[in-house]
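Here the structure comes first, spelled out in structure tokens, and everything after it is commentary.
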Number of protein chains: 2
Amino acid sequence: MQMKTEELTINCGKPYAEESSHTDCHKVIMPVRDALDVISGKWKLPIIIAVSRGHKRFRDIERSIPKITSKVLSKELKDLETHKLVKRTVYDSQPVSVEYTLTPYAATLDSVIGALQKWGIQHRKKILGK
Amino acid sequence: MQMKTEELTINCGKPYAEESSHTDCHKVIMPVRDALDVISGKWKLPIIIAVSRGHKRFRDIERSIPKITSKVLSKELKDLETHKLVKRTVYDSQPVSVEYTLTPYAATLDSVIGALQKWGIQHRKKILGK
DNA sequence: CCGCATCCTGTAGGATACTG
DNA sequence: CAGTATCCTACAGGATGCGG
């Protein structure tokens with residue numbers, strides 16, 4: 001995310017003329033959008049999974065994800081790094097090599113991904129008819 | 001989602017030469033992308049929340065969500081309807097009125113939204129520094 | 001009131017080529 | 001090997017106006 005300050009809210013007035021603050025809508029929408037910004041997009045999950053499975057080198061990750069381009073991989077890895085999900089380590093060997101690994105913090109995503117996965121599985125059944 | 005059949009996988013070979021199937025990557029990525037397709041996008045959550053709070057009529061929903069346009073609202077409501085999250089009821093009054101309500105099924109999203117919200121809250125603290 | 005038809009823009013992501 | 005630099009396309013979403 002770029003920590004958007006953009007206005008995006010709804011008028012939360014309940015139909016029964018109860019007073020209810022605008023802010024509790026934000027309290028749902030804003031964090032959810034923050035989270036979605038981090039993990040949505042075409043390549044975030046594939047990259048996270050690839051790295052979690054032990055692909056550390058740039059070329060290694062690139063080859064393990066069909067059809068990704070180096071430009072996109074580069075950009076996404078930077079994004080994941082700024083969100084502290086991926087750690088980039090440069091080794092001063094000849095030639096210089098770089099390793100990407102998941103941070104321990106990345107594990108906190110497990111429950112989120114798990115929830116999405118679980119819902120996605122049952123939803124596909126629901127929509128396509130079981 | 002449009003139940004994409006598009007190929008998007010990764011080479012799941014582990015670094016230790018263990019045999020591991022391609023398919024278990026799909027088993028994570030595909031459902032997660034299905035779920036994300038349903039709830040991501042700029043307006044899905046605001047609409048779901050607006051409807052859940054009792055805004056039933058088209059104009060009512062539209063007015064409750066600042067800056068949304070009728071075209072976008074119309075399209076998003078259709079999407080939510082095809083995913084069985086929203087029910088559209090037409091009343092043969094004069095003039096014809098239409099009501100949108102959440103389906104009971106929509107409640108199954110609560111755990112997903114809850115997980116995203118929870119993670120989003122702590123992540124914002126983590127990134128911006130608490 | 002409840003939308004749809006047009007037209008337009010901004011941005012994620014793709015193709016291709018090139019550097020240290 | 002580990003990326004950048006350009007250029008380009010596709011599609012989500014916005015602006016405006018009209019129709020039943």
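Quantities reported herein were computed from a predicted structural model and do not represent experimental measurements. In the text below, chain A, chain B and the rest are named by the order of the sequence lines, each starting its count at 1.
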Between [N] and [X], is there an OP1 or OP2 to side-chain N/O distance shorter than 4.0 Å?
X	N	answer
A/R59	D/dA2	no
B/R57	C/dC1	no
A/Y100	D/dC1	no

Note to self: The side chain of A/W43 is closest to which nucleotide in this list: C/dG14, D/dG14, C/dG3?
What the structure shows: C/dG14
Note to self: Could you work out how much the helix from C/dC1-D/dG20 to C/dG20-D/dC1 bends, comparing the axis of its first five pairs with that of its last five, to 10°?
What the structure shows: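 So the angle between the two local helix axes works out to 40°.
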Notebook entry, point to check: Do B/I47 and B/V86 come close enough that some side-chain heavy atom pair is under 4.5 Å?
Noted result: no
Notebook entry, point to check: B/K84 versus A/K126: any side-chain heavy-atom pair under 4.5 Å?
Noted result: yes
Item checked: Name of the residue among A/H123, A/R124, A/Q117 meeting side-chain contact (heavy atoms from CB on, under 4.5 Å) with A/I121 -> A/Q117
Next item on the list: With A/I29 as reference, evaluate A/H26, A/R33, A/K27 under the side-chain contact (heavy atoms from CB on, under 4.5 Å) test and give the passing residue.
Entry: A/R33
Starting from [atom2] on [N], measure out to [atom1] on [X] and report it in whole angstrom.
X	N	atom1	atom2	result
B/Q94	C/dC2	CD	C1'	15 Å
B/K78	C/dG3	NZ	C1'	8 Å
A/R88	D/dG3	CZ	P	4 Å
A/R63	D/dG3	CZ	C1'	14 Å
B/E99	C/dC1	CD	C1'	13 Å
B/E62	C/dC2	CD	P	9 Å
B/D92	C/dC1	CG	C1'	15 Å
A/L80	D/dG3	CG	C1'	16 Å

Any chance you could measure [X], atom [atom1], to [Y], atom [atom2], to the nearest 0.5 Å?
X	Y	atom1	atom2	result
B/R63	B/R59	CZ	CZ	7.5 Å
A/R53	A/D60	CZ	CG	13.5 Å
B/D34	A/Q122	CG	CD	11.0 Å

Next item on the list: Between A/L77 and B/K44, just flag the one whose closest nucleotide in DNA chain D comes earlier from the 5' side.
Entry: A/L77
Item checked: Common cluster, A/L77/A/V90, ILVMFWY with side-chain heavy-atom separation under 4.5 Å ->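 Same cluster.
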Item checked: DNA chain D contacts among residues 68-76 of chain A, heavy-atom distance under 4.0 Å -> A/S70, A/K71, A/S74
Note to self: Using a 4.0 Å heavy-atom cut-off, does B/Y91 contact any base of the nucleic acid, only the sugar-phosphate backbone, or nothing at all?
What the structure shows: nothing
Notebook entry, point to check: Do any N or O atoms from the side chain of B/E76 and from the backbone of B/L73 form a donor-acceptor pair under 3.5 angstrom?
Noted result: no
